[in-house]
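Inspection log for the structure reproduced underneath, given as structure tokens.
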Amino acid sequence: MYKPKNGVSIRGLHSISSFVRPKSNTMSSAALLCTPPADLPGKPVVPEWVPPPVTQQKEGFAELTSIDLSLLDSDDPAIVDDLVKQVKYAIREDGFLFLENYGVSLEQYMYNNISEQDKQDLLFHPETGVWSGYKHPYGFKRQRGTPDGIEQFNWYKSEWEDINRVPKCLHPFMDEIEAFCNYLTKSVNRRLLTLLSRVLELPDDFLWDKVQSHGSPTGEGYFRHALFRPVQKKTDEASKGLRMHGHTDFGLTTLLFSVPISCLQIWGRDERWYYVPYKPGALVINIGDTLEIVSGGHFKATRHRVFKPPADQLHEERLSLVLFNSSIGDLRMTPAQESALIQREGCVDDQGVYKEFKNRTAQGSLVPTNREWREIQISTVTDPTDTNRNRLGADQVLIDGKLMHQREYMGVKVVLPV
Ligand SMILES: O=C(O)CCC(=O)C(=O)O
Ligand SMILES: [Fe+2]
């Protein structure tokens, strides 16, 4: 179905090859990824990335549905209908899926070291409600805490608009990085939102037009480049192996590149954590809180966490590339009443953020806007190594004998498995 054409590299981050589809005229079909050339004069030579070995461990992995996004462009309506059914099933069962044949394949990467000066000058300020900039490997506060081995760079609107907010070592590659993110947002995510709109029996561009934020390659969302380095025993003991708390993402959809080091876990229906298996070239898709609410609880926000990898990968570095698609900040989310699915079947309010938002509305209180919802969570985030907060009587509670992490943001309770 695809014809590999030009090799494209997002060097300084990683390299990709673009795949170009033959047919690209309809609204939702894949546009070409036209990434600027990697061999322009002045661009540093980037050595090839050798992917780390895949784990040999077989236990504790989830089985997830894989969606072939290219089928959305099929001329056969039966194939497209079947695809929408598959998505509907996967979202309801797992709230999580793999996306394949979306138009880009991840092949290699390079992590560039940022200069000490840039680390200082571009240091993030999560207390302001955004991750924008460089995250040091000492926890999720601006002030350094316990080492967590996680370095990140986050591109928000401000980083796209001002090159001085981007590490200098990445300047020669910004043309490629920007084209890559534009493609992920405007082609891959747009087609994904078309599919999800169809599951809700809404017009194809409903979620894209009415909910997704626009402008800059990532709208009000952000693109994250993260490197998870192995941690010291002290960190591992304090966090009990956890690298990022169990959480749901607050936006619409999250696109994660499937990577060889298995750390991402999802909460299964049998109430256990499972590693997400490595599927070379696939994107792992999370459903965010906004989509749970817009869908009236038909979609469940994906509960996930980052945990230490299986024993045979403990000493490897893990790269993670993630695009967070955010909804329009000024909106207060409610279920899309235009949805024929919601009109026919009503809403599903048995759990999660939709249930909380519904209760709040029923009491006559305003729910937070999308911007408030994401900013409050970023500005008050806690670290997995925080033994003071991560204990019973502080942020942990026992519910039906199960240990849960409980936080409250602007009067909305969020309870997640530890
Ligand atoms: O790195 C990953 O696999 C997931 C990270 C994540 O869940 C997040 O940053 O919200
Ligand atoms: Fe997440």
Side-chain angles (χ1 to χ4, degrees), residues 13-14 52 55 61-62 64 94-99 106 109 111 124 126 129-135 137 139-140 148-156 184 218 221-231 239 241-267 273-280 282-292 300-310 313 316-327 352-353 373-375 377-384 405 407 414 416-418:
L13 286 179
H14 67 285
T55 180
F61 280 79
L64 297 174
D94 307 321
F96 219 67
L97 37 96
F98 279 125
L99 201 61
L106 174 72
Y109 87 96
Y111 190 77
F124 73 161
V130 289
W131 297 122
S132 193
Y134 171 75
K135 176 200 173 295
F140 282 90
D148 65 359
I150 308 172
E151 270 183 279
Q152 296 176 349
F153 192 80
N154 295 290
W155 278 262
Y156 277 70
L184 285 181
T218 49
Y222 51 103
F223 175 59
R224 166 172 296 170
H225 177 231
L227 190 73
F228 292 73
R229 292 202 168 87
V231 291
S239 74
L242 203 55
R243 308 287 311 257
M244 282 176 80
H245 280 302
H247 66 280
T248 53
D249 295 341
F250 16 82
L252 269 173
T253 54
T254 307
L255 276 48
L256 297 117
F257 281 88
S258 184
V259 291
I261 306 302
S262 301
C263 287
L264 180 62
Q265 294 189 324
I266 54 164
W267 186 244
W273 289 107
Y274 289 96
Y275 285 114
V276 174
Y278 172 47
K279 202 171 184 61
L283 280 174
V284 179
I285 306 296
N286 280 341
I287 300 299
D289 293 338
T290 305
L291 257 186
E292 179 172 316
K300 312 266 182 266
T302 315
R303 286 176 285 189
H304 60 287
R305 69 176 188 179
V306 183
F307 197 67
K308 65 179 172 187
Q313 293 189 321
E316 301 282 359
E317 291 183 344
R318 172 181 189 260
L319 173 85
S320 178
L321 296 172
V322 194
L323 177 77
F324 297 88
N325 293 293
S326 277
S327 40
V353 67
W373 185 241
R374 57 186 182 241
E375 293 190 349
Q377 295 192 56
I378 292 173
S379 59
T380 63
V381 74
T382 63
D383 284 305
H405 192 90
R407 299 285 309 271
V414 174
L416 288 152
V418 171

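Every value quoted in this text rests on a predicted model; they were computed, and no experiment measured them. Counting convention: from 1, in listed order, for ligands and their atoms alike.
Residue-and-atom listing of protein N/O/S atoms under 2.8 Å from the Fe ion (ligand 2), sorted by chain and number: His247 NE2, Asp249 OD1, His304 NE2.
Scored by the side-chain contact (heavy atoms from CB on, under 4.5 Å) test, Gln377 finds Phe250, Asp289, Trp373, Tyr409 as partners (sequence neighbours excluded). With sequence neighbours left out, Thr382 forms a side-chain hydrogen bond (donor to acceptor under 3.5 Å, both in side chains) with His245.
The only option from Arg229, Arg243, Lys135 that meets the salt bridge (Lys or Arg N to Asp or Glu O under 4.0 Å) definition with Asp148 turns out to be Lys135.
Remark: the backbone N or O of Tyr156 is not paired with any side-chain donor or acceptor of Thr218 at under 3.5 angstrom. Of the possible donor and acceptor atoms, one in the side chain of Asp383 sits under 3.5 Å from a partner among the backbone N and O of Phe140. Judged by distance alone, the side chain of Arg224 and the main-chain N or O of Trp131 form no donor-acceptor pair under 3.5 Å. Under the 3.5 Å distance criterion, the side-chain polar atoms of Arg303 are left unmatched by any main-chain donor or acceptor of Trp267. A donor-acceptor distance shorter than 3.5 angstrom exists from the side chain of Gln313 to the backbone of Ser262, with no hydrogens or angles considered.
For the pair Lys308 and Tyr275, the tightest heavy-atom approach, listed with the atom from each and the gap, is O-OH, 2.6 Å.
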Show me the short polar-atom pairs for ligand 1: any N or O of it lying under 3.5 Å from a protein N or O, with distances only.
residue  : atom   : partner : partner atom : Å
ligand 1 : 1 (O)  : Arg318  : NH1          : 3.1
ligand 1 : 1 (O)  : Ser320  : OG           : 2.8
ligand 1 : 3 (O)  : Arg318  : NH2          : 2.7
ligand 1 : 7 (O)  : His247  : NE2          : 3.2
ligand 1 : 7 (O)  : His304  : NE2          : 3.0
ligand 1 : 9 (O)  : Arg224  : NH1          : 2.8
ligand 1 : 10 (O) : His247  : NE2          : 3.0
ligand 1 : 10 (O) : Asp249  : OD1          : 3.3

